[in-house]
Structures are given as structure tokens and as C-alpha cells.
Amino acid sequence: MKSALHAPAAAVADPGEGYAFDNDNVHAAEQHRCLAASLDPITTARLAGTGVTDGWRCLEVGAGGGSVATWLAERVAPTGEVVATDINPVHLPEHPRLRTLRHDVTRDPLPEEAFDLVHSRLVLLHLPQRRAALATMTRALRPGGWLQLDEFDIDYGPVLLAPSRAGAEVYERFLAAKARVFAQAGADGSWGRHAAGAMRDAGLVDIDPVPFLMPWHADSSGVHLLIHHTHHLRDRLVAAGMTDAELAEVREVMRHPRFRASSCVIYSVQGRRAR
């Protein structure tokens with residue numbers, strides 16, 4: 001079954017196909033850095049609650065910059081293993097307990113009943129085939145094994161204070177344009193709040209969804225991520241109705257010391273495969 005994780009190159013999706021973010025993009029490293037700074041404390045605290053420890057075999061699907069995969073590799077050492085997959089794994093670091101693979105969870109098989117823990121963050125929301133991918137990940141769990149999905153619900157995330165009414169309005173236009181970009185790429189911006197039900201439908205048990213909100217201001221890593229998106233997604237945002245002048249304006253709004261907003265909701269959802 002080990003060979004199921006060695007997908008041929010022809011079976012791997014083009015990283016630019018549909019998905020709004022491309023690992024070959026010059027902005028990808030900053031994307032991963034901002035995500036790690038903002039979300040790793042939530043993700044790793046929840047993962048620690050599973051009891052992941054020496055000897056576990058873990059799978060990280062859509063590992064991105066590899067910060068969570070590396071954290072897991074430290075937890076399972078010295079005898080465990082983490083398999084980190086991505087359709088374009090160019091940003092994954094080396095670690096003695098980490099094996100990295102080019103793999104597309106929507107097309108390529110996974111070995112069944114092979115992992116004590118499977119984790120994925122901000123991947124399934126981008127995939128039109130998200131429920132099929134969830135089923136594949138569920139089958140990869142050993143009986144009693146844990147699945148954790150960390151997913152956004154971008155339908156909520158209001159501006160709470162801006163330097164002006166016009167500043168608040170351009171921020172809201174930016175969020176709406178980004179939501180259109182995601183939808184046009186096949187993403188479901190509300191997926192986070194539906195993930196627990198989808199995990200139940202996939203047959204998992206002991207499902208525990210926990211929502212998180214963060215206060216955002218000019219120095220928040222989440223706001224740095226949004227500012228980064230005005231560059232990373234520039235062409236798509238312009239196609240969705242923003243102008244370069246509006247993107248420059250919203251960057252200034254988010255950098256203003258009086259700017260305050262709520263993050264979108266991130267749902268960290270855990271479940272187990274029945275024994």
C-alpha cells in the first residue's frame with residue numbers, strides 16, 4: 001500500500017488550475033509565513049489534544065510551507081513518521097521524521113487504514129471535490145485514528161473601526177471581491193461551518209468543532225495576510241472589480257493605527273474513525 005502515495009507526475013493537478021494561490025508564485029513564501037504566524041497556535045494546540053506522540057504515523061494534506069508538518073515531526077520523533085503532501089511541495093522543509101510527496105488528494109489514492117492522525121488546513125474549502133477528498137482522508141485513518149480539519153468561514157469578518165467611513169467601505173469591497181475570487185476558483189467560503197456535518201456524513205465519530213475569532217489590527221498577522229493578498233491576488237481582484245487605486249487605499253486602511261476588525265471564523269474540527 002505504500003506505493004499508493006507515489007503518484008505519477010501526470011496525475012498531479014496543475015497548481016494554477018482553479019486554486020486561487022499558486023506555490024510557484026513569488027508571493028507564496030510570504031503567504032505561508034503569514035498563515036503560520038496567524039494560525040499555527042490554534043492548529044498545534046488542537047493537534048496536541050489528540051495525544052500525538054512518539055511512534056505515531058501522521059499525514060499532512062496540503063502541507064504548504066510545512067510549519068505544521070514540522071511541528072508534527074518533532075512530536076512523533078524519534079520513531080514516528082509524518083508524510084506531508086502537496087500538489088506542488090516546493091516549500092516543504094527537510095526533517096529526519098518528515099517525508100514529503102507530490103500528491104493531489106482529489107485524484108491520487110492514499111493507503112487505507114495507515115495513519116494515526118490526518119490533518120489538513122485551508123485545503124478542502126478550495127476544492128470543488130471536497131467531500132470526495134474528505135472520504136479519501138477518512139479511509140486513510142486507522143480505526144480510532146484522528147482527523148483534524150482547520151477551515152475558514154469567510155462570510156463573517158466585519159470591520160469594527162476604520163479611520164473613516166470611506167475606509168470601512170473600501171475594506172468591505174475588498175473582502176467581497178476576495179470572496180468572488182474564491183467562488184470563481186471553485187472554493188466554498190462558508191465550508192468551515194459545514195465541515196463538522198461533512199465529517200459526520202463521512203462516518204467519523206466523536207466530532208468536536210471549535211470556532212475561533214481573533215481581534216485584528218494593523219500589527220496582526222491576519223491583517224498582514226490580507227495586505228499580502230492585495231499583491232498575491234492582484235490580477236484576480238482587479239478582474240473581480242477592484243482597481244489598483246482601491247487596493248492601495250485598502251492597504252493604507254489596514255495599516256492605520258485605528259483600524260480594528262474581527263477575523264473571519266476559523267473552525268478547528270476533530271473527529272475519529274470508529275474502532
Side-chain angles (χ1 to χ4, degrees), residues 35-36 38-53 55-64 67-69 71-72 75-76 80 82-86 103-106 108-157 182 186-214 222 262-275:
L35 282 171
S38 179
L39 300 180
D40 277 9
I42 291 172
T43 295
T44 57
R46 290 282 281 166
L47 289 171
T50 68
V52 57
T53 191
W56 280 36
R57 191 162 190 246
C58 303
L59 173 66
E60 174 79 4
V61 175
S67 61
V68 175
W71 182 89
L72 284 170
R75 295 284 296 210
V76 304
V82 177
V83 178
T85 75
D86 203 280
H103 182 271
D104 179 355
V105 73
T106 69
D108 303 328
L110 291 171
E112 297 190 7
E113 298 189 5
F115 298 99
D116 302 291
L117 170 65
V118 175
H119 173 254
S120 184
R121 184 171 73 191
L122 305 181
V123 173
L124 296 191
L125 75 90
H126 289 286
L127 304 178
Q129 315 93 325
R130 58 189 63 85
R131 286 182 179 261
L134 174 58
T136 298
M137 293 159 63
T138 299
R139 290 191 296 270
L141 287 169
R142 291 173 177 157
W146 291 91
L147 173 67
Q148 179 173 317
L149 298 180
D150 298 325
E151 300 281 6
F152 281 153
D153 181 345
I154 64 172
D155 288 349
Y156 181 84
F182 279 19
D188 177 0
S190 67
W191 166 246
R193 67 176 180 263
H194 302 301
M199 289 168 65
R200 176 204 60 211
D201 295 343
L204 294 168
V205 299
D206 301 330
I207 297 167
D208 181 27
V210 179
F212 293 89
L213 283 174
M214 293 169 280
S262 172
S263 71
C264 62
V265 187
I266 183 165
Y267 289 89
S268 183
V269 190
Q270 291 179 343
R272 303 186 80 171
R273 185 167 181 174
R275 294 185 183 274

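For the single chain, residues carry numbers from 1 onward in sequence order.
Rounding to the nearest 0.5 Å gives a distance of 11.0 Å between CG of L134 and CG of L127. The CG atom of L147 lies 11.0 Å from the OG1 atom of T50; values are rounded to the nearest 0.5 Å. Atom CD of E151 is separated from atom CG of L124 by 5.0 Å, given to the nearest 0.5 angstrom. A distance of 5.5 Å separates OG in S268 from CZ in F212, rounded to the nearest 0.5 Å. With values rounded to the nearest 0.5 angstrom, D201 atom CG is found 10.5 Å from T138 atom OG1. The distance from the CD1 atom of I266 to the OG1 atom of T43 is 5.5 Å, given to the nearest 0.5 Å.
Side-chain atoms of R130 come within 3.5 Å of backbone N or O of L125 as a donor-acceptor pair. With hydrogens and angles disregarded, no donor-acceptor distance shorter than 3.5 Å links the side chain of Q270 to the backbone of W146. A distance-only check finds no donor-acceptor pair linking the side chain of H119 to the backbone of A63 [under 3.5 Å].
Listed by chain and number, the residues in a side chain to side chain contact (heavy atoms under 4.5 Å, CB included) with A140 are L110, F115 (sequence neighbours excluded). Listed by chain and number, the residues in a side chain to side chain contact (heavy atoms under 4.5 Å, CB included) with D208 are R46, V210 (sequence neighbours excluded). Under the side chain to side chain contact (heavy atoms under 4.5 Å, CB included) criterion, T44 pairs with W71, sequence neighbours left out.
Listed here is the closest heavy atom pair of S262 and Y156: OG-CE2, 3.5 Å. The shortest non-hydrogen separation linking C264 to I154 is CB-CA, 3.9 Å. Between V265 and P211, the shortest heavy-atom contact is CG1-CB, 3.9 Å. Annotation for S120 and M137: closest pair CB-CE, 3.6 Å, computed over non-hydrogen atoms. Nearest approach of V52 to C58, heavy atoms of both residues: CG2-SG, 3.9 Å.
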side-chain contact (heavy atoms from CB on, under 4.5 Å) assessment of V269 paired with I207: CA-CA 7 Å; V269 190; I207 297 167; 3.9 Å; yes

Stepwise side-chain contact (heavy atoms from CB on, under 4.5 Å) check, L117 with V76: CA-CA 11 Å; L117 170 65; V76 304; over 6 Å; no

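When each of R273, R142, R275 is checked for a salt bridge (charged side-chain N to carboxylate O under 4.0 Å, His left out) with E113, only R273 meets the rule.
Residues F152 and L39 have side chains in contact (heavy-atom distance under 4.5 Å, counting atoms from C-beta outward). R193 has its side chain within reach of D155: a pair of non-hydrogen atoms, C-beta onward, lies under 4.5 Å apart. Using a 4.5 Å heavy-atom cutoff, the side chains of D150 and L122 are not in contact. A 4.5 Å side-chain heavy-atom check between V82 and R75 finds every atom pair outside the cut-off. V68 places a side-chain heavy atom less than 4.5 Å from the side chain of L47.
Using a 3.5 Å distance cut-off with no hydrogens or angles, the side chains of D153 and H194 do not pair a donor with an acceptor.
Electrostatic pairing of R121 and D40 counts as a salt bridge here, judged by a charged N lying under 4.0 Å from a carboxylate O.
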